[in-house]
Every structure is written in C-alpha cells, then in structure tokens.
Amino acid sequence: MEKKKNCLFFIADQLRADSLSCLGNTELTTPNYDALADEGILFENAFCQSPICVPSRCSFNTGWYPHTNGHRTIHYFLEKEDPSLMKSLKKNGYHVYLMGKSHYFNRQDEAEMQATCDLEYIGYEMSTNAIHRIGQAVSPAEIAENPHYYSFYFGEMTKEEAAKTQDDLVIERTLEMIRNKELKEPFCLYVSLNLPHPPYEVEQPWFSSVDRDQIQLKTHNIEELKDKPSLLYRIRQNQNLTSLTDADFREIRATYYGMVAKLDHQLGRVIGALKAEGYYDDTHVITFADHGDFTGDYGLVEKTQNTFEDCLVHIPCLIRPAKGTPYQARTCSAMVELNDIPQTVAELMGYELDYTQFGKSLTSLFQDDVELHEYVLSEGGRIKGEKQAMEGYTGRESIYWPRLEAQTRMPEHTKAFMVRGPRYKYVYRLFEKDEFYDLSQDPFEEKNVVDDKRYSAEIAKMKDWLLKKLIETTDNVPMKTMLPGRTYGEE
C-alpha cells in the first residue's frame with residue numbers, strides 16, 4: 001500500500017493578495033512565498049467567502065458558504081455536530097496538530113477537541129502584547145488628542161515584545177516538534193498565524209525593511225467617491241483619520257509590509273525544518289489567508305464586515321503538491337474560492353467527504369486551466385433586528401469602536417453578497433444601492449456604474465447566477481436524518 005502523504009497548512013490572517021511579490025508587489029520581496037510559487041501552483045484569482053475571520057474560517061473548514069448554516073458573524077463558531085476539515089482528516093487516519101489561531105470551533109469542548117486534533121498549541125490568544133493594552137485606562141480627552149488612536153498603528157516593537165507574541169511562540173514550538181520528530185505520520189500540521197493582522201507593528205529588521213518613499217497610495221479617500229457602501233463613509237468618520245497625511249498612510253502600509261516580510265520569513269523557517277528532517281517531499285504544502293486588509297486604501301484601515309473591495313477578499317493561495325502527485329508548476333488564472341479547500345484536500349489525501357458541501361477540487365487545475373467557477377461569492381452583514389450578527393457594541397476606548405458602532409446602524413450593516421468574475425464585480429445590497437464595477441477600466445472599484453445601462457445585461461446575468469447559487473447552497477440536509485437500513489439510488 002502506498003504511503004499516505006502529509007500536509008502542511010500555513011495560514012495567514014488578513015494577508016492581501018497584492019502584498020506578495022509573486023503576485024506583483026514591487027514594494028517588498030517575499031522570497032519564500034515566491035519559491036513556493038515556483039515549485040507549485042499559484043492561484044492568482046483566489047477569493048475568500050467573507051471579509052472577516054470567523055465566517056471565512058468556518059467556510060474554508062467546511063466547504064459551506066457563510067449563509068449555509070448561518071456562520072456569518074464573528075462570534076458564531078461551528079456547532080458540535082458540524083463537520084470540518086480537521087475532523088475529516090483525523091477521522092481518516094491523520095494525526096492533526098493544530099498550531100496557533102483556529103477561531104472556528106469551540107476549543108472549550110473536550111469532545112470537540114478530541115474529534116478535531118491530536119494536539120493543540122495556541123501560544124497567546126492575541127497577536128501582540130500591545131493589543132492587550134488597547135482601551136485600558138484611556139480617557140476621551142486622550143483619544144480626541146490622538147488622531148492615530150483608531151488607525152491601528154503601533155509602529156516598532158522591541159525584539160523582547162515580539163518573542164512573547166503568539167506567533168513567535170507557535171513557530172518556535174512548531175519547529176521544535178519537527179526537529180524532535182514529535183510528528184506521527186501521516187500528519188496534518190495546521191499552522192495558523194496572526195500575521196499580518198493589525199495592530200500594525202513589527203520588530204526590526206522587518207520594521208525598516210521597506211522604503212517608505214517607495215510606497216504608492218493608489219486610491220482616493222472614501223469621501224471623494226460616490227455610491228460606495230455607507231459603512232465605509234461611517235467608519236472613516238468614526239476613525240477620525242481625515243487628519244492623517246499621505247506620509248502617515250505610507251507608514252502604515254510599510255509597517256504592514258514589514259509584518260508580511262516577517263510572515264514570509266516564518267514560512268521559510270517551517271519549510272526549511274521540514275526539508276532538514278526529510279518530511280518535505282512527502283508533504284502537500286497549502287498556504288492561503290482568511291481575508292485581506294484595507295491598509296490605507298480609501299483612507300481606511302483594517303477590515304469591514306459587509307464590503308467586498310478586492311483588498312479585503314482577494315487573497316493569496318498556493319499549493320505545492322507532494323512528490324508523486326501529477327501537477328505542473330505554474331500560475332493558474334482560474335477563479336477559485338477558499339470553499340474549495342476541503343474537497344481539494346480530500347482528493348489529495350485519498351478520502352471522501354461524508355457530508356454535503358459546495359466546494360470543488362482544485363486538483364482539476366493542477367495541470368491545465370479550466371473554468372472551475374464562472375463567478376466567486378463572498379458575503380456579510382445582517383437583516384434588520386438581527387442583533388446577534390453584530391460583533392457587540394463597546395465604548396470609544398476600544399480600537400474597534402469605529403467598526404462596531406457602524407454595525408449598530410442601518411443601512412450601514414446591511415446584508416450583502418458579492419458576485420465576482422474575471423472582469424466584473426456585482427454586489428447586491430439588501431437595504432441600500434447595489435454596486436457594479438468594470439474592473440478592466442476601474443481596478444480599484446472607485447466608480448460604481450450600477451446605473452449605467454451599458455452593463456444592464458451583465459448585471460442581470462450576475463443576478464440570475466446569484467439567485468441560483470443561493471437556492472443551491474442555502475442549506476444542507478443533515479446525514480443523521482437518513483433512516484437506518486435505507487438505501488438510495490444514483491441520480
């Protein structure tokens with residue numbers, strides 16, 4: 001019997017696709033991502049199913065869309081009876097090592113932990129020591145005097161602070177496990193980091209690794225644009241960022257890039273350890289991010305819950321298949337979703353998923369481009385009265401206050417769906433004006449042309465696709481409802 005292959009997941013948090021040099025960034029270099037892209041398949045048109053972390057993580061761990069089982073809020077994790085990628089791997093004989101940030105299932109439930117992984121190591125819960133200081137003993141006057149307060153900019157960390165962060169602890173423990181041969185094969189090593197999630201801060205040499213003068217700001221501030229989602233105007237106002245200069249936003253972007261450079265370095269360390277200990281050739285390497293980040297685009301920072309600018313939903317995705325897997329190293333231009341990860345892993349690892357899901361295997365793209373998805377879908381927001389879909393209102397001392405306050409309002413927090421193709425993007429917004437962008441003419445989505453009659457046919461086509469997609473994926477019939485002893489024929 002052929003030996004089962006191992007799998008490394010290397011997952012970033014809030015990593016924009018355009019922040020990697022293998023995806024066109026000329027303002028920093030990411031040599032380890034680039035080397036992996038040279039070895040494997042780089043999916044240059046990969047999109048997440050939600051612009052915030054928990055719904056996206058629930059989605060790529062199940063192959064369900066956030067609306068399928070209502071997983072579209074940052075506080076609603078998978079239920080105990082829900083399937084997941086790690087559960088499937090463990091059920092099929094893989095040793096699962098969950099390292100770092102999971103944020104998709106209830107870690108406090110012992111039975112869930114046993115079903116999900118063999119070992120979990122989380123380090124610290126948050127990305128930095130500094131985030132624990134946010135909002136502690138800050139007066140309204142201090143906030144008013146500091147225009148940077150809601151910018152998420154913290155700047156240079158000391159090396160001593162960095163060594164105590166969750167990411168550094170997780171990486172060191174991961175390397176220790178590899179070098180000490182603690183991994184039982186076949187293994188799934190799920191390394192999920194916070195980098196480059198704000199606050200924007202990093203230590204040397206990463207902090208100074210990017211030339212601030214080379215940073216280009218490519219968008220207008222949101223107040224200069226018309227017919228964009230109301231949430232964007234609201235959080236820009238709440239963030240009080242109008243007093244920040246272009247130099248300030250270049251500093252934010254450069255620090256974010258420094259965090260990306262450190263992330264790239266950590267990827268290289270993990271891959272280097274796998275090579276040194278003889279695991280690499282027999283290990284599928286899969287790396288992606290849960291979603292992106294504004295990083296100064298439109299004069300905004302961090303993320304939103306229901307807007308779908310490419311900086312938020314276009315994410316890097318790379319697969320370097322294990323030795324012996326038929327594939328052609330290349331850049332693939334097909335439209336793909338993170339939802340495709342569970343089915344892809346099932347095919348690579350040689351098992352079948354035992355529940356209804358909606359992803360498609362990326363293995364069909366390992367040698368040639370085919371049309372896997374005509375369009376990709378992303379979603380967020382809520383309906384009126386659906387308070388449980390908010391993140392929870394807190395006082396102004398929270399750095400997240402601008403976004404959280406906006407979520408108490410309508411139409412700012414309206415439910416919305418993005419339909420994205422190679423050239424066009426359509427966004428259906430429940431309680432406010434829809435959006436439509438011709439990305440060939442307007443790559444930064446600054447001109448909403450939903451009222452332009454020249455695009456009426458394409459808008460109608462995308463609306464029809466959305467209706468069909470929602471009907472097809474609106475729920476899943478639980479397997480437990482099947483009657484004992486009942487057999488079912490083929491379609």
Side-chain angles (χ1 to χ4, degrees), residues 2 4-12 15 17 33 36-37 39-50 56-65 68 78 83-94 96 98 104 116 186-192 282-291 313-378 473 476:
E2 185 180 359
K4 288 185 176 181
K5 304 298 186 183
N6 305 311
C7 190
L8 166 68
F9 289 94
F10 190 86
I11 301 171
L15 178 65
Y33 277 103
L36 201 61
E39 282 188 64
I41 304 105
L42 171 64
F43 298 95
E44 64 178 353
N45 286 310
F47 292 83
C48 60
Q49 278 49 77
S50 171
S56 177
R57 289 168 184 266
C58 288
S59 186
F60 71 66
N61 271 286
T62 58
W64 293 342
Y65 292 96
T68 301
L78 295 181
S84 74
L85 181 57
M86 297 300 109
K87 283 182 181 178
S88 293
L89 283 160
K90 195 166 188 297
K91 189 185 301 183
N92 283 279
Y94 290 86
V96 176
L98 203 60
Y104 72 90
T116 300
F187 63 74
C188 169
L189 187 56
Y190 185 96
V191 181
S192 182
D282 289 329
T283 300
H284 301 294
V285 179
I286 302 174
T287 180
F288 53 87
D290 57 355
H291 56 81
V313 296
H314 184 199
I315 46 88
C317 181
L318 273 160
I319 298 179
R320 199 288 321 220
K323 187 177 181 180
T325 307
Y327 80 96
Q328 180 68 43
R330 63 201 187 83
T331 296
C332 175
S333 61
M335 305 292 291
V336 304
E337 298 184 328
L338 285 189
N339 250 18
D340 298 326
I341 295 296
Q343 184 61 44
T344 304
V345 173
E347 289 202 11
L348 281 175
M349 308 299 255
Y351 62 84
E352 293 186 6
L353 296 175
D354 58 0
Y355 64 96
T356 301
Q357 60 87 49
F358 308 108
K360 299 179 180 180
S361 177
L362 300 179
T363 59
S364 63
L365 299 170
F366 277 14
Q367 298 188 70
D368 296 294
D369 277 15
V370 297
E371 185 182 90
L372 196 66
H373 302 283
E374 182 179 12
Y375 302 112
V376 293
L377 183 70
S378 192
T473 64
N476 64 295

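Since we're looking at a predicted model, the values are computed, not measured.
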> Quick one: side chain to side chain contact (heavy atoms under 4.5 Å, CB included) partners of Asp354, sequence neighbours excluded?
Replying inline: Lys91

>> Show the nearest heavy-atom pair for residues Ser50 and Ser378, with the distance to one decimal.
In response: N-OG, 3.4 Å

>> Could you walk me through whether Leu36 and Phe10 satisfy the side-chain contact (heavy atoms from CB on, under 4.5 Å) test, starting with their C-alpha distance in whole Å, then the side-chain angles of each, then the deciding distance to 0.1 Å, before giving a yes or no?
In response: CA-CA 12 Å; Leu36 201 61; Phe10 190 86; over 6 Å; no

> With distance as the sole criterion, is a donor-acceptor pair present between the side chains of Ser59 and Asn339 under 3.5 Å?
Replying inline: yes

>> For the backbone of Leu338 and the side chain of Gln49, can you confirm whether one donor and one acceptor N or O come within less than 3.5 Å of each other?
In response: yes

>> Between Val345 and Tyr94, does the side-chain contact (heavy atoms from CB on, under 4.5 Å) criterion hold? Intermediate values first, please.
In response: CA-CA 12 Å; Val345 173; Tyr94 290 86; over 6 Å; no

>> What's the separation between atom OG1 in Thr287 and atom OH in Tyr33, rounded to the nearest 0.5 Å?
In response: 4.0 Å

>> Please find the pair of heavy atoms, one from Pro83 and one from Trp64, that lie closest to each other, and give the distance.
In response: CD-CH2, 3.3 Å

> Can Met349 and Cys188 be said to form a side-chain contact (heavy atoms from CB on, under 4.5 Å), step by step?
Replying inline: CA-CA 10 Å; Met349 308 299 255; Cys188 169; 5.5 Å; no

> How far apart are the closest heavy atoms of Val336 and Leu372, and which atoms are they?
Replying inline: CG1-CD2, 4.4 Å

> Looking only at heavy atoms, what is the nearest atom pair of Ile315 and Cys48, with distance?
Replying inline: CG1-N, 3.9 Å

> With sequence neighbours left out, what residues match Gln367 under side chain to side chain contact (heavy atoms under 4.5 Å, CB included)?
Replying inline: Pro326

>> Measuring from atom CG of Asp340 to atom CD of Glu347, what distance do you get when rounded to the nearest 0.5 angstrom?
In response: 11.0 Å

> Is there a donor-acceptor contact under 3.5 Å from the side chain of Thr68 to the main chain of Thr473?
Replying inline: yes

> So which heavy atom on Gln343 is nearest to which on Ser361, and how close?
Replying inline: CG-N, 3.7 Å

> Between the side chain of Thr283 and the main-chain N/O of Leu8, is any donor-acceptor distance below 3.5 Å?
Replying inline: no

> Between the main-chain N or O of Asp368 and the side-chain N or O of Arg330, is there a donor-acceptor pair closer than 3.5 Å?
Replying inline: yes

>> Can you give me the closest heavy-atom contact between His314 and Asn45, atom names plus distance?
In response: NE2-CA, 4.0 Å

>> Whether the side chain of Asn6 engages the backbone of Phe187 through a donor-acceptor N/O pair (distance < 3.5 Å, no angle test) should be reported.
In response: yes

>> Looking at Lys323, is its backbone amide N or carbonyl O close enough to the side chain of Lys5 to form a donor-acceptor pair, meaning the two atoms are under 3.5 Å apart?
In response: yes

>> Can you tell me how the ring of Phe288 sits relative to the ring of Phe9, calling it parallel under 30°, perpendicular over 60° and tilted otherwise?
In response: perpendicular

> Quick check: does any side chain N or O of Ser56 sit under 3.5 Å from a backbone N or O of Asp290, one acting as donor and the other as acceptor?
Replying inline: yes

>> Distance check, rounded to the nearest 0.5 Å: Phe47 atom CZ versus His373 atom NE2?
In response: 11.5 Å

>> Could you go through Phe60 and Ile11, starting from their C-alpha distance and side-chain angles, then the distance that decides it, and tell me whether this counts as side-chain contact (heavy atoms from CB on, under 4.5 Å)?
In response: CA-CA 11 Å; Phe60 71 66; Ile11 301 171; 4.2 Å; yes

>> Just so I know, are the side chains of Leu348 and Phe366 near enough to count as touching, which here means a heavy-atom distance under 4.5 Å?
In response: yes

> Considering residues at least two apart in sequence or located in another chain, which fulfil the side chain to side chain contact (heavy atoms under 4.5 Å, CB included) criterion with Ser88?
Replying inline: Tyr351, Leu353, Tyr355

>> Between Asp369 and Ser333 (side chain of the first, backbone of the second, donor and acceptor by atom type, cut-off under 3.5 Å), is there such a pair?
In response: yes

> From Thr356 OG1 over to Asn476 CG, what is the distance, rounded to the nearest 0.5 angstrom?
Replying inline: 6.0 Å

> Can any side-chain N or O of Thr116 pair as donor or acceptor with the backbone N or O of Met86 at less than 3.5 Å?
Replying inline: no

> Could you state the interatomic distance from OG1 (Thr62) to NZ (Lys87), rounded to the nearest 0.5 Å?
Replying inline: 11.0 Å

>> What's the separation between atom NZ in Lys360 and atom CG in Leu365, rounded to the nearest 0.5 Å?
In response: 10.5 Å

> Do any N or O atoms from the side chain of Glu44 and from the backbone of Thr331 form a donor-acceptor pair under 3.5 angstrom?
Replying inline: no

